[in-house]
Amino acid sequence: MEMNVSTQEEQVVAKKVGGLNPAVVLPILYVIALGIYIFILGNPGNFKNEGVTGLSVAFSDVENKDLHPDSFMGIIYMGGPIVHILILFMITVIVFAIERFFVLRKAAGTGNLENFVVKVRNLLDKNKIDEAIEECDAQRGSVGNVVKEGLTTYKALANDTTLNKEQKMVALTKSVEEATTLEMPMLEKNMMILSTLGTVATLVALLGTVIGMIKSFQALGAAGGTPDAAALSIGISEALINTALGIGTSAIAIILYNFFTSKIDGLTYKIDEIGMSIQQSFAEFN
């Protein structure tokens, strides 16, 4: 019997932790980012040079001072090979932000969450448990699932004559906490990716900036008393392009991370609010 219960719990947890798998998605996104860098940003049409075709831009002319960008995408391409890593970060942020948006939207349920909380609390005040469970079935989502689990336990404990009131309260609290624990992995999954990229994007951009500045100083040193303006400008532009891409990606990742964190906190607060109402109602009517 214990093995069956354990198996059921593992299946429930596996279901709750569903979503995009980073181990599968990230390699795909890397290929896409590399393709954007080589075939879109490095497209010969983005440069003024005649006779430049295909992969020759991508692999042999990146640092060529005679390579002149003719569009904004060509300018970004001149940021060097670090650019495709920053593109990967940006795409990753966008993809997982979209995923989190739909997951959290689904977790909130089908109806207005504020109205749902008010309805359930009003029904609890009147000890209408069956009607409150029906509201949970209509609402669905993580909040509805947790509340329904709490109300189902409420109903079962109300008819239980083997436990005293204090034991029932403990069992009810534990039921709500366990239901919340099962829902939280689904809400928080992949949030660490946004948090990490908010920091790592800036560091990688700094690496690209340093590489660009090294190239600039090398150009100054190699030219002796007469600096090579073209080589110097290429190094500086590479540094600034990487800085801009990294800061932009980092800023977007941090904003989205804080936005989704506030959404998760809001859902958790609603769960705690109704959970407290369930316990107060049980203490009053039982």
Side-chain angles (χ1 to χ4, degrees), residues 1-2 4-19 100-191 257-286:
M1 180 65 180
E2 292 180 357
N4 291 336
V5 173
S6 177
T7 302
Q8 291 176 355
E9 289 180 352
E10 291 175 356
Q11 291 175 348
V12 172
V13 172
K15 181 179 179 181
K16 297 300 181 185
V17 185
R100 287 297 89 195
F101 174 80
F102 285 107
V103 167
L104 295 180
R105 183 178 180 181
K106 182 179 179 181
T110 56
N112 184 278
L113 191 56
E114 293 289 344
N115 292 339
F116 169 71
V117 172
V118 172
K119 288 179 181 179
V120 172
R121 295 189 67 178
N122 289 337
L123 291 171
L124 286 172
D125 291 339
K126 300 175 183 177
N127 199 32
K128 296 182 178 180
I129 307 304
D130 291 331
E131 288 84 347
I133 292 176
E134 292 177 1
E135 288 291 335
C136 294
D137 291 332
Q139 179 71 17
R140 296 195 292 272
S142 295
V143 178
N145 293 339
V146 174
V147 176
K148 181 179 179 180
E149 181 64 27
L151 293 174
T152 302
T153 304
Y154 180 116
K155 190 174 179 181
L157 291 173
N159 299 321
D160 193 327
T161 58
T162 62
L163 302 176
N164 58 40
K165 187 171 184 179
E166 183 178 352
Q167 291 173 324
K168 290 181 179 180
M169 290 295 297
V170 172
L172 181 60
T173 302
K174 183 178 180 181
S175 174
V176 175
E177 290 177 350
E178 289 179 348
T180 304
T181 301
L182 289 175
E183 295 290 338
M184 290 307 294
M186 181 187 68
L187 301 180
E188 296 178 346
K189 182 181 179 182
N190 295 330
M191 288 294 293
Y257 175 80
N258 290 331
F259 172 76
F260 291 128
T261 298
S262 67
K263 289 291 185 182
I264 293 173
D265 291 342
L267 293 175
T268 304
Y269 174 77
K270 296 300 180 185
I271 292 173
D272 293 340
E273 183 181 358
I274 301 182
M276 185 64 67
S277 298
I278 292 174
Q279 295 176 35
Q280 291 174 349
S281 176
F282 189 87
E284 180 180 352
F285 292 102
N286 295 276

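The first residue in the sequence is number 1, and the count goes up from there. The analysis underlying the following values was restricted to heavy atoms, covering all of them including side chains, and did not include hydrogens, waters or symmetry mates.
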Check each of Val120, Val176, Val117 against Val147 using the side-chain contact (heavy atoms from CB on, under 4.5 Å) test, and report the only one that passes. Val120
Look up atom OG1 in Thr110 and atom CZ in Arg140, then write down how far apart they are to the nearest 0.5 Å. 5.0 Å
Thr180 pairs by side-chain contact (heavy atoms from CB on, under 4.5 Å) with which of Glu178, Glu183, Glu177, Met184? Met184
So for atom NZ, which belongs to Lys148, do other residues, nucleotides or ligands contribute more than 12 heavy atoms lying within a distance under 6.0 Å? no
So does Lys189 get a backbone contact from the side chain of Arg100, meaning a donor-acceptor N/O pair under 3.5 Å? yes
Show me, pair by pair, the donor-acceptor contacts under 3.5 angstrom made by side chains of residues 122-131, not counting sequence neighbours?
residue: Asn122; atom: ND2; partner: Val118; partner atom: O; Å: 3.2
residue: Asn127; atom: OD1; partner: Tyr154; partner atom: OH; Å: 3.0
residue: Asp130; atom: OD1; partner: Lys155; partner atom: NZ; Å: 2.6

Kindly write out the residues that satisfy side chain to side chain donor-acceptor pair (under 3.5 Å) with Ser262, not counting sequence neighbours, or none if the list is empty. none
What heavy-atom pair brings Gly150 and Leu172 nearest, and what distance separates the two atoms? O-CD1, 3.4 Å
To the nearest 0.5 Å, how far apart are CD in Gln279 and CE in Met276? 5.5 Å
Closest non-hydrogen atom pair, Leu113 against Ala108: CD1-O, 3.6 Å
Indicate yes or no: at least one non-hydrogen side-chain atom of Gln139 is less than 4.5 angstrom from one of Lys119. no
Leu157 and Ala171 have their tightest heavy-atom pair at CD1-CB, 4.0 Å
With side chains defined as the heavy atoms from C-beta onward, is the minimum distance between Ile264 and Met191 less than 4.5 Å? yes
Minimal heavy-atom distance between Leu151 and Cys136, with the atoms involved, is CD1-SG, 3.8 Å
Could you state the interatomic distance from CZ (Phe260) to CG (Leu104), rounded to the nearest 0.5 Å? 6.5 Å
Non-hydrogen side-chain atoms of Ser142 and Leu267 separated by less than 4.5 Å: no
So, do Phe102 and Lys106 sit near enough that their side-chain heavy atoms are less than 4.5 Å apart? no
Using distance alone, with no hydrogens and no angle criterion, decide if Ser277 and Arg121 have a side-chain donor and acceptor under 3.5 Å apart. yes
Which heavy atom in Glu135 sits nearest to a heavy atom in Phe116, and how many Å separate them? O-CE1, 3.6 Å
